[in-house]
There are 2 protein chains.
Amino acid sequence: MDYYNMKPVDVRRLIRDGKITGPTSGMCAGYAQANLVILPKELAYDFLLFTQRNPKSCPVLEVSDVGSRSLHYIAQDVDLAKDFPKYRIYKKGELAGEYTDVEAFWQEDFVSFLIGCSFSFESALLDAGVPVRHIEENCNVPMYKTNIPCTPAGIFHGNMVVSMRPLPHDQVVKAALVTGEMPRVHGAPIHIGDPSAIGIADIHRPDFGDSVTIHEGEVPVFWPCGVTLQNVVMNVKPDIVITHSPGHMLITDVKNVELKY
Amino acid sequence: MDYYNMKPVDVRRLIRDGKITGPTSGMCAGYAQANLVILPKELAYDFLLFTQRNPKSCPVLEVSDVGSRSLHYIAQDVDLAKDFPKYRIYKKGELAGEYTDVEAFWQEDFVSFLIGCSFSFESALLDAGVPVRHIEENCNVPMYKTNIPCTPAGIFHGNMVVSMRPLPHDQVVKAALVTGEMPRVHGAPIHIGDPSAIGIADIHRPDFGDSVTIHEGEVPVFWPCGVTLQNVVMNVKPDIVITHSPGHMLITDVKNVELKY
């Protein structure tokens, strides 16, 4: 199947029917993909406020109505309990299982947060001729815990997690400008250069994802990362949280370029 | 007193001490001013979600912690019950009084929403050489109810209110670009030209504010307006809502140019 050129609604249907259960990278070219955090309503106010106070790491694309499994704006004909290829359920902060369908676990008090994803800005970087190393090396982007505090909100607090892409020095400014135009998918870098300045001890040992090659003379460039949210939620150890499984995203009906406006 | 060149913290102190009770327009050049909506916590989730779904008319600069009269980010040493020159208290959707200090009415469950203000982008327009008619005519900006529906959230719903500035045709694109760079203070125009296209029957009879002169050949340009929020809140007729009195804003410690990043 040519997933690259398919329409989002058609790929979502294949996912819903269990015919796609793998990562969504490279599917539906040009369309934004979204991260997922589902929480009970009693935690939703503090969580929404956390995203408002930390828009760089937590750019919200849409928040569902309470209990609803559909969306109104970024995608039509969606079933939030089935349209991600893989979900993770966490209980009291511990991974309790991975599922391709979470209908059986749905609660009437669930609120779903759809969060912008770096796939969108990587597509813009590639279009602008900026290399993206983990795509070249066909692995996951390296991610690191930092010493940059998020702005707390109610029960939620913690440090920012960043993703890193090594760039030739003459591509750094272009990368900052291209991504700076896309604030709804993390926006501009949060740091350029010395990893120790933001509390990263060893650039070759990421906390999440895979290590990538950094060539002689290349500069590590760091962006705010949506994993920040999962980190912050797990600190609180809620009774139940459902997220997407890394790389297994919702493909929305919104094009990346539309997210600029 | 030379309020134009004073620091925000000093003007806030004069306001807190009751020495300034008038409009804040033209004070503390370059610093952003903020609108206010204070609601009980039980309405705050739906309201915060409404702002998330309607960022053009409702660009949130900061949300206070529950019950707190201070802020953490856009201004230090603030007393939200005293640092606006004038407040309005609405009970069940009806204006119940205007006060220069609302300490006596404070509730432990209050949440304060500070909203970006068009003063910021008007300053940028003037810097760019774009005329602002209501400033020239020393009156309030004309504002209109439209037929543009806001995206509802929980109990909150209603149509967008817009502000209008007439411009020579050769200044329209510049005005759109200048304000489009400032999404945290309403951003780009929502409509250019024919008022009837957005449900405005008579451009010379604004629903709020004052009518301004539109010269031969000038184009009316419409921006999303923070009065949208007050309109939407009043539809719900909450037991109590406190807002600033029009034009009587909080002067923040954040410069307008900082709001771009």
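When reading the values below, keep in mind they use all heavy atoms of this one structure, side chains included, and skip hydrogens, waters and symmetry mates. Naming convention: chains lettered A, B, ... in sequence-line order (proteins, then strands); numbering from 1 in each chain.
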Just checking [X]: does its [atom1] atom have more than 12 heavy atoms from other residues, nucleotides or ligands closer to it than 6.0 angstrom?
| X | atom1 | answer |
| --- | --- | --- |
| A:K92 | NZ | no |
| A:K91 | NZ | no |
| B:K56 | NZ | no |
| B:K7 | NZ | no |

- Do A:H72 and B:T151 come within less than 4.5 Å of each other through their side chains, counting heavy atoms only? no
- Message: Please classify the contact between A:P152 and chain B as side chain, backbone, both or neither, with a heavy-atom cut-off of under 4.5 Å.
- Response: both
- Task: Heavy-atom distances under 4.5 Å only: say whether A:A44 touches chain B with side chain, backbone, both or neither.
- Result: both
- Verify, without hydrogens or angle tests, whether A:R53 (side chain) and B:Y73 (backbone) share a donor-acceptor contact under 3.5 angstrom. no
- Please say which of B:L48, B:D46, B:L49 ends up in a side chain to side chain contact (heavy atoms under 4.5 Å, CB included) with A:Y45. B:L48
